[in-house]
Structure formats: structure tokens, C-alpha cells
Protein chains: 2
Amino acid sequence: MAAKRSDAPGRKPRRAGAKLEPTKQPGSEPPLSRERIVATAVELLDAEGVGGMSMRRLADRLGAGAMSLYWHVDNKEKVFDLALDQVLAYREPPQTGEPRNWRDEVVHMLEDWRKSMLRHPWSASLLPRRALGPGILGRLELLGSILSRAGVADADLNVAIWSLWNYVMGATITRASFELTDDEKAAAQQRLSTLGERHPTIQRTRLLLDNDWDGTFRKGLDVLLDGLAGRQ
Amino acid sequence: MAAKRSDAPGRKPRRAGAKLEPTKQPGSEPPLSRERIVATAVELLDAEGVGGMSMRRLADRLGAGAMSLYWHVDNKEKVFDLALDQVLAYREPPQTGEPRNWRDEVVHMLEDWRKSMLRHPWSASLLPRRALGPGILGRLELLGSILSRAGVADADLNVAIWSLWNYVMGATITRASFELTDDEKAAAQQRLSTLGERHPTIQRTRLLLDNDWDGTFRKGLDVLLDGLAGRQ
DNA sequence: GATTGACTCGTATAGCGTACGAGAGGATAA
DNA sequence: TTATCCTCTCGTACGCTATACGAGTCAATC
């Protein structure tokens, strides 16, 4: 009887013996594993987007049967969670010795966060399903520790962390969802001039036509950090 | 031959004559229309969530065949877009005569925005698919005009608008995705204490256990507005 | 009366997530 | 050596999905 593999947290799924690989056909795939499934899911998501990621197609890419995946992973939702957390994890930079000031540190980490997500645009649309994996937790911890070292009082720390998180997530999701608009930009332009009298302000400032996403992100982040800095 | 109804922007789908209803069976449904489809989709989404909203079930609720919907609506994606924009539209308050200061105005509008979305939690997870419907555009215009009247220079206006938008969207999406956590809270608590040594800061500040979402939202918004105000 | 256009919907196709249970194959116990 | 067990794979099947296609209904118009 195939008892579903338990989900105990510390479990290592590798074979006990772990001598040499079972050597199926030479040139065949390595054995399935949660890690390989997640890595391949990220590839598939990158290539085909959220809609193109099906368990069958994922299994195909892995050279396995669709149902084999379910031994390693509860369900499709779980695959999404794992892929998302993997993408969001912070790979600490080599830590060049000089200690930056806290603002630069925060900006660097948050810009990296945003960049990581934009490199995998599907991650933005997956985010709304909560997934507090180790990757996200690691980022939050790092952010909190920087701010704390910078002198933010514990009583204000949660507000500071969540404000920055909210800003980054909102900016990234917005940016990612506006990604594929090139022919749509013409339509937006047209619609905007049509609706100009109803929307004079955003037409005047060309809000929807501004392309400097990175600059706008950075400037808004500065505004937020100004507000935080003024609080101490 | 059933030529698909065109999507020209100004079109009014109603019957030309529009005398009295075709009087099918007494007590039967009113005729299909885009408006009725969207309204019912919102109901269905409220009741069953994103996963429970299928074209068949929507058609059932409307007392129609599934394929009938496609005369009024391009595809399921479009239904989502329309439902989202409907929920996000700003129903201007009765406008009590006294003109508030700009900060209160901004806060009021943004809190209403957030509340509108949290009333329909699925809207947060739908947001990442861009949908620049009239509802969202109306909000953006209003926000821009308030800020402009408050003295924000045109050169800074886009950054201000996007910063606030980003913050609200991030906060709302985060909040909505953490919604259903009651038994999970125990798990989070446990995991947090287990991982306490790896995440000392967020454990100390009880980041994940803080329940005062509304207060945190408001405080963070104040931080951001402080930053904006200090810029003039 | 004939024609047209707006609208409804039955049927069918291709795909989906995943429950179920059989079975392969190595490890262990007898 | 044989029997048992555990881990892992996967073929089949079920119920569901979005939607393409085309036939059919009915009111308005010519």
C-alpha cells in the first residue's frame, strides 16, 4: 500500500543507502526529487507562464509520469508555493567588507528583491497566495535586522517592515502586470486622449505612459525611507 | 451565421426596441447582459472564490446555457477583468460640504480602496492581471487631482501617485492572502519559535502574529505621507 | 412573406488535477 | 534463500474545465 510520504519538516527524502545511482538507461534522467521538481517548475513557469504550467507538462519535462510527482509533492498548489519561495530567497551577496549605511543596505536588498521577482514575472501573480517559506522569512528577517541596527525602535519596527514590504510588493506586482504592453500602449494612449476630459490629471502627467519603472520605484522608495528616517 | 459581437468601445448592447420584456415564462430570468453577467460573477466570486468561478456555474446562476455568456463577453479572463474593475470603482461619497485637508482626503480614499478590496478578497489575487478599467482610472485620477491641489509639483506627481498605489496594493494583497489563518497561526507561532534563532528579529517583534492590520496600514500610510509632505 | 441580425445553447474537443491501486525493486528479517 | 516491507513510479479513470462550431429562435425590418 502506498502510504503518502509524510510531510514532517526535517525529512530528507534521499535514499537511505545513497551508494551509486540506480543506473537506469544510460543518459536517462536522474531520479525525481522535490528539488528537481521545483527547479523544473521554475523553468516551466519561466517558459510558459502560470497558465502553461500543468502537472502533466511538468512531468513530461522531468521524463516522468504525471502521477509520480504526487509522491514528492502534495498537489499543484504546493508546487507553486515552493517555486515562489525559491525565487524569492535572498542569495546573500559576497558581502564586500565595507559596511554600508543602513539606507543603502535596505535599498540594495529591496531592489534585488524586486529584480528577482521581475526575472520571473509569474512570481508576482503567485504572490497573493500566501507562502511564508524560508525564502520570504529570510528576507523579512534581514530587513528587520537592518532597520533595527539602524536605530528603529522595536515598537515601530513592524510598521517599518510591513511598509517596505507592501511598497515593494505593490510596485513589483504592478510592474509585472504592465509588462507585456507594447501594442496596448497605443491603445492606452488613445483611450487616454479620448478620456482626457474625464482624467485631466493623469493625462497631463502622462502617468500611464511613463516608462521609467526602475527610477520611479527608486524615487518612491526614497520617499518612504524619508518618512521612516524622519520618525526617529 | 453568428458573427461575434464586436467590442467597439461605445456600443450599447440593449435591444433596439426596448419596449416591454420578451416575457418568457413568468418568473423567469431577465435577459442576459454584460452588466448582469458581471454582477453575478461578483456574487459568485464572493461566494465561492476564484477557484469556484467557472463559466458553467456562472451560467447556471444566470439561468442560461454556458455558451450564451460568450456572446456578451470574450472569455473568462474578460469576466475577471470586468468584475475586478467593478469592485475597484470609487463610489464618490455624498461629499459632505466641508473641504477636508488633502491628507485626510487621501487617507479616506485609500482606506476606502483597501476596504472595497477586502470586502471581496478575490480581488486582491486578481489584481496582478492588469486591468485598467474605468474604475481604476477614476481612482488614479482622483488621487492625482487631490495631490495636485495639495501642491505636489507635476514633476513629482507620478512618483507620488505610484508610491501610494503601490503601498495600498501591497498592503491589501498581503492582508487578503493572510486572511484565512486561524489554525495556521498556531503553526506559524510554532514554526517561529522553532526557527527563533534563525529569525531573532521578526520573532522579537512578533511580526507575523500582529493582528492590527488596519492600524498598521494606517501607520505605514502616515509614514509614506510624511515622506511626501517633506518633499514640498 | 422573406430576410436579416441579435442572441441562445447543445454538442464536442482537448485538456486539466488528482484518486486509486497495481507493481517494480531494493532493503531487511526469517 | 525466501518472505516481507518500504519507497517510489505510473496507467487508468473520473469529473471537471474553457471554449469552437454551428444550428436554432425570435423580433425587427424591408
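Heavy-atom basis, side chains included; hydrogens, waters and symmetry copies ignored. Protein chains get the first letters and strands the later ones, always in sequence-line order, with residue 1 at the start of each.
Between B/R56 and the phosphate of D/dC16, there is no side-chain N or O to OP1/OP2 separation shorter than 4.0 Å. Checking the phosphate oxygens (OP1, OP2) of D/dC8, no side-chain nitrogen or oxygen of A/S68 falls inside 4.0 Å. An OP1 or OP2 oxygen of D/dT7 is reached within less than 4.0 angstrom by no side-chain nitrogen or oxygen of A/H72.
Atom-to-atom, CD of B/E77 to P of D/dT17 comes out at 17 Å; the value is rounded to the nearest Å. Atoms CE (A/M55) and C1' (D/dT17) sit 17 Å apart, rounded to a whole Å. Taking atom CG of residue B/D60 and atom C1' of nucleotide D/dC16, one finds them 13 Å apart after rounding to whole Å. We find that CE of A/M67 is positioned 15 Å from C1' of C/dG23, with the value rounded to whole Å. Distance, B/M53 CE to D/dC16 C1': 15 Å, rounded to whole Å. Here C/dG10 presents its P atom at 15 Å from OH of B/Y70, a figure rounded to the nearest Å. Rounded to an integer number of Å, the gap from CZ of B/R36 to C1' of C/dT8 is 13 Å. Atoms CZ (B/R57) and P (D/dA18) sit 10 Å apart, rounded to a whole Å.
Side chain of A/K76, nearest nucleotide from D/dA18, C/dG10, C/dG17: C/dG17. The side chain of A/W71 has D/dT7 as its nearest neighbour among C/dT18, D/dT7, D/dT17. With distances taken from any side-chain atom of B/A64 to the nucleotides C/dC9, D/dA18, C/dC16, the minimum falls on C/dC9.
Residues passing the side-chain contact (heavy atoms from CB on, under 4.5 Å) test with A/S163, sequence neighbours excluded: A/V159, A/L224, B/Y167.
Side chain to side chain, B/W122 and B/D46 meet the donor-acceptor criterion of an N or O pair below 3.5 Å.
A/W113 and A/W165 have perpendicular rings, their planes meeting at more than 60° on a 0 to 90° scale where under 30° would count as parallel.
Using a 4.5 Å heavy-atom threshold, the side chains of A/R114 and A/R175 count as touching.
Of all non-hydrogen atoms in A/L132 and A/L137, the two that sit nearest each other are O-CD1, 3.9 Å.
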